[in-house]
Amino acid sequence: MSADALRAPALRAVANGTTASPAGLPAGAEELAAALHSGGTTLPRLLKARALAHPDGLALREKEHGIWKRYTWRHYHERACLVAQGLLSLGIRPSDRIAVASENTPEWFYADLGAQMIGAVVVGIYPTNPWPELQYIVAHCGARAVFAGDQEQTDKVYDAMAKGGGLPAVEAVICTDMKGLARYGQASLMSFEALCERGARFRDGEPDAEARLRGLIDGASPDETCIIVYTSGTTGPPKGAMLSHRNFVASASAYGEAIGMAGHPFRAVSYLPLCHFAERCYTMVMQLVLDGEVSFAESVDTVAGNIREIAPTFFIGVPRIYEKLKQNFSFRLGETGRFRQALVGRMMAAGRGISDRRQAANGRMGAADRLLFVVLYWALFRNVQRYLGLDRSRHRLCAGASVSAETLRFFDIIGLPTSQGYGLTESGGVVFIQDDRHRRLGGCGLPIRGAEWLRAADGEILIRGASVFKGYYDDPKATAEAVTADGWLKSGDIVDVLDNGELTVVDRKKAIIITAGGKNIAPSEIENALKDSDYVKEAIVVGEARKFVGALIQVDYDNVGRWAESRDLAYTNYRSLATLPEVRELVQGIVDETNKRFARVENVRRFVILDKELDHDDGELTATQKVRRAMIEKKFGRELDLIYGEEAAA
């Protein structure tokens, strides 16, 4: 069926500017601004507003065969409407759950918004999740349909349906990329295009289909659950955090206001998993709130190149992405001659001096430093910014986990100060964010509009506001433990306040180590200090009820491999590299330097280099690459014995 045949008649009217503003949709700029400010609208109504305002405006881009394909707001809205009609034809109803297991694609957006149009609740699944984890989430939420990105994801769905307790609620599996599935004979399987065609037939064949869909969109409450985000499960099985339209809209609106993006072009690259709250809120929802463009990276491996092509104005990255960008520059520099390296080193040192003085002055720069920075910008920093693809970015956020101070310092030196914030899925994302006057290394900024907070006697931060989640799906006990009767979310994070008023996170309450001597130690500070080195990929500090602090260290295979090759050290794989005596000496030097930054009781006395890389499939990492600390004792008993065995009394 052709694209024209699929096009909804109502959207033809939108394109011609003849459709009246539907009920429940803010008609003017002031009404829309008020709705965004309060969170008093829904995501499907925002999509409809954008399609009404400028149907031919650019909304989405994806790269196909080396060429960026462009999709308008009209196209975005039409496809979402067809998905909605298709789901209705399958019997999906308001409050039903549907799941999406896919890499980031436009179809993810269409499925998400289309399902929300009919009041269904969307549950995202990490494409890296093995089938048992997919099975747990889909079964727990009772999803009736699953959108799968490709053959790999489809296979996992059918494995989950066939094994263990199965997935009895799943009635349909909709696959975007049908390559390799021609011989699959399951009656429940259909392509994404087939679903859209089914939706078009249902729309054209049912006299009241379009009116019914409009009624569902316009009658939805901003406080209805629209998305369930399953937590990463670092300490137990994932829990499904229920989030409403108001949670998302209020959060994105307040965040956009805090970082000064309102009224400026919003252009983002989507590459972090869309099932993660941060990518969903600050890419998909932020686009709807600020009215901008989203381009989909080809893959995680091509992110750096895609960033250079798109030149985003807004960029969100996890620490590992920023670390990789920094490393790319370092290795590129290492390939140049000694004179250039020395020259760049001098300029970076001058930039560090500016950064130090700016930090001490809470973001302010004197006239001499401003002049020096202009010289450094045109001599070096401008080209570095362009090489990274961030030269046009107005705001950069590092989220998802703590990041080393040296990584942040690098971006500050080259004129791309990167903000840290504080928030979690249950708080509806970021509730504290840094600005130009509050960007202390180790800080998290000031609260955004609408965020209430208080610090309990034990240092835990409690949060309240319009963005705080509705509770955990089908888990009233966990909800009661997380949220007080008067609406305060217990974050589980120990925090402090810096002298400039910024919040700073000490660590998770459950992660604090209490040594045999009664000393409380925040492991993340030591871990991040170790990971300041390009040669350390992961560090796990241990010492609960022990006489001294130890560490399990995973070296960075790529970086340490280059180091070894430059010294003609032979290795064949990660294990053989990690067990080289020279690598042990390298890491010992890093540990020794790190120990100088901490009190003696916090020094890492003994460490073990892991002889395997931590792996999500082995249960050692969550889908967001966080260490599952609850697995340490079980998985690394031998290594802990090497640290604490006969030397425990030393």
Inset, instruction - Quick one: do Met242 and Val229 satisfy side-chain contact (heavy atoms from CB on, under 4.5 Å)? Show the steps, please. - result: CA-CA 7 Å; Met242 298 183 293; Val229 176; over 6 Å; no
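- Ion pair Asp493/Lys509 not flagged as a salt bridge, since none of the NZ, NE, NH1 or NH2 atoms sits closer than 4.0 Å to an Asp/Glu carboxylate oxygen.
- Rounded to the nearest 0.5 angstrom, Ile521 CD1 and Glu544 CD are separated by 10.0 Å.
- The shortest non-hydrogen separation linking Glu613 to Tyr557 is OE2-CB, 4.0 Å.
- Between the side chain of Asn603 and the backbone N or O of Asn595 there is at least one donor-acceptor pair closer than 3.5 Å.
- Rounding to the nearest 0.5 angstrom, the gap separating the CG atom in Leu530 from the OG1 atom in Thr594 is 4.5 Å.
- Listed for the Thr479 side chain is a donor-acceptor partner under 3.5 Å among the backbone atoms of Asp475.
- The main-chain N or O of Asp223 is found under 3.5 Å from a side-chain atom of Lys470 such that the two form a donor-acceptor pair.
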Inset, instruction - Show your reasoning for whether side chain to side chain donor-acceptor pair (under 3.5 Å) applies to Asp412 and Ser355. - result: CA-CA 7 Å; Asp412 192 57; Ser355 176; 2.5 Å; yes
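- Between Asp611 and Arg638 there is a salt bridge, since at least one side-chain N of the basic residue sits less than 4.0 Å from a carboxylate O of the acidic one.
- Rounding to the nearest 0.5 Å places CD of Gln327 at 10.5 Å from CZ of Phe410.
- The shortest side-chain heavy-atom distance between Ser221 and His245 does not fall under the 4.5 Å cut-off.
- Considering only heavy atoms from C-beta on, Phe598 comes within 4.5 Å of Glu525 through its side chain.
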Inset, instruction - Output, in order, the C-alpha distance, side-chain angles, deciding distance and verdict of side chain to side chain donor-acceptor pair (under 3.5 Å) for Ser270 and Glu279. - result: CA-CA 7 Å; Ser270 177; Glu279 183 72 6; 2.8 Å; yes
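- In this structure, Lys635 NZ and Leu640 CG are separated by 13.0 Å, a value rounded to the nearest 0.5 Å.
- Between His140 and Tyr136, the angle of the ring planes stays under 30°, which puts this pair in the parallel group of the 30/60° scheme.
- Each ring pair (Phe, Tyr, Trp, His ring centres under 6.0 Å) pair with one or both residues in residues 480-519, not counting sequence neighbours, would appear here, but there are none.
- Between the Asp534 side chain and the Asn559 main chain, no donor and acceptor come within less than 3.5 Å of each other.
- Between the side chain of Ser467 and the backbone N or O of Asn247, no donor-acceptor pair lies under 3.5 Å.
- Listed here is the closest heavy atom pair of Trp453 and Pro447: NE1-CG, 3.9 Å.
- Arg546 forms a cation-pi arrangement with Tyr644, by the criterion of a distance under 6.0 Å to the ring centre and an angle within 45° of the ring axis.
- Closest approach of Leu134 and Ala101 over heavy atoms only: CD1-CB, 4.1 Å.
- Met261 is listed as a side-chain neighbour of Thr313, based on a closest heavy-atom distance under 4.5 Å.
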Inset, instruction - Test Val303 against Val269 for side-chain contact (heavy atoms from CB on, under 4.5 Å), laying out the working first. - result: CA-CA 8 Å; Val303 168; Val269 176; 5.5 Å; no
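- Ion pair Glu406/Arg352 flagged as a salt bridge, since at least one NZ, NE, NH1 or NH2 atom sits closer than 4.0 Å to an Asp/Glu carboxylate oxygen.
- Taken from CZ in Arg605 to CD1 in Ile643, the straight-line distance is 12.0 Å, to the nearest 0.5 Å.
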Inset, instruction - Report the C-alpha distance between Ile321 and Tyr271 in whole Å, list the side-chain angles of each, state the deciding distance to 0.1 Å, and finish with yes or no for side-chain contact (heavy atoms from CB on, under 4.5 Å). - result: CA-CA 11 Å; Ile321 291 296; Tyr271 69 97; 3.6 Å; yes
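- For Lys531 against Ala539, the heavy-atom pair with the smallest separation is CD-N, 4.1 Å.
- Using modelled atom types, no side-chain atom of Thr425 and backbone atom of Phe277 make a donor-acceptor pair closer than 3.5 Å.
- Looking at heavy atoms from C-beta onward, Leu614 lies in side-chain contact with Ile540 at the 4.5 angstrom threshold.
- The main-chain N or O of Leu416 is found under 3.5 Å from a side-chain atom of Thr418 such that the two form a donor-acceptor pair.
- Annotation: His395 is not in aromatic contact with Phe266 [ring centroid separation under 6.0 Å not met].
- When all heavy atoms are compared, the tightest approach of Ala35 to Val249 is O-CG1, 4.4 Å.
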Inset, instruction - Kindly determine whether Asp474 and Lys239 satisfy salt bridge (charged side-chain N to carboxylate O under 4.0 Å, His left out), including the steps that lead there. - result: CA-CA 9 Å; Asp474 196 29; Lys239 297 188 291 289; over 6 Å; no
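- The shortest heavy-atom contact between Asp507 and Pro523 is OD2-CD, 3.0 Å.
- In this structure the side chain of Leu274 never reaches within 4.5 angstrom of the side chain of His276, judged on heavy atoms.
- The closest side-chain heavy-atom distance from Ile448 to Ile433 is below 4.5 Å.
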Inset, instruction - Show your working on side chain to side chain donor-acceptor pair (under 3.5 Å) between Tyr472 and Glu426 and close with a plain yes or no. - result: CA-CA 9 Å; Tyr472 295 113; Glu426 290 86 346; 2.6 Å; yes
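- Side-chain contact between Ile228 and Leu243 is absent, with no heavy atoms from C-beta onward closer than 4.5 Å.
- Each of Arg437, Arg439, Arg440, His438 was compared with Asn362 under the side-chain hydrogen bond (donor to acceptor under 3.5 Å, both in side chains) criterion, and only Arg440 meets it.
- Under the salt bridge (charged side-chain N to carboxylate O under 4.0 Å, His left out) criterion, Asp435 pairs with no residue, sequence neighbours left out.
- Judged purely by atom type and a 3.5 angstrom limit, Arg396 has no side-chain atom pairing as donor or acceptor with the backbone of Leu390.
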Inset, instruction - Apply the test side-chain contact (heavy atoms from CB on, under 4.5 Å) to residues Ile414 and Leu388: give CA-CA distance (whole Å), side-chain angles for both, the deciding distance (0.1 Å), then the verdict. - result: CA-CA 11 Å; Ile414 65 172; Leu388 298 176; 3.8 Å; yes
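- Judged purely by atom type and a 3.5 angstrom limit, Ser253 has no side-chain atom pairing as donor or acceptor with the backbone of Ala250.
- Side chains of Val536 and Gln554 form no contact here, defined as non-hydrogen atoms less than 4.5 Å apart.
- Thr484 OG1 to Leu489 CG: the interatomic distance, rounded to the nearest 0.5 Å, is 9.0 Å.
- Taking 4.0 Å as the cut-off between side-chain N and carboxylate O, Asp532 and Arg597 count as a salt-bridged pair.
- Checking side-chain atoms of Gln287 against main-chain N and O of Gly292 turns up a donor-acceptor pair under 3.5 Å.
- Lys326 and Glu323 are not joined by a salt bridge, as no carboxylate oxygen comes within less than 4.0 angstrom of a charged side-chain nitrogen.
- Sequence neighbours left out, the pairs with a member in residues 411-431 that pass ring pair (Phe, Tyr, Trp, His ring centres under 6.0 Å) are Tyr322-Phe411.
- Between Glu460 and Lys490, no side-chain nitrogen of the basic residue sits less than 4.0 Å from a carboxylate oxygen of the acidic one, so the salt-bridge criterion is not met.
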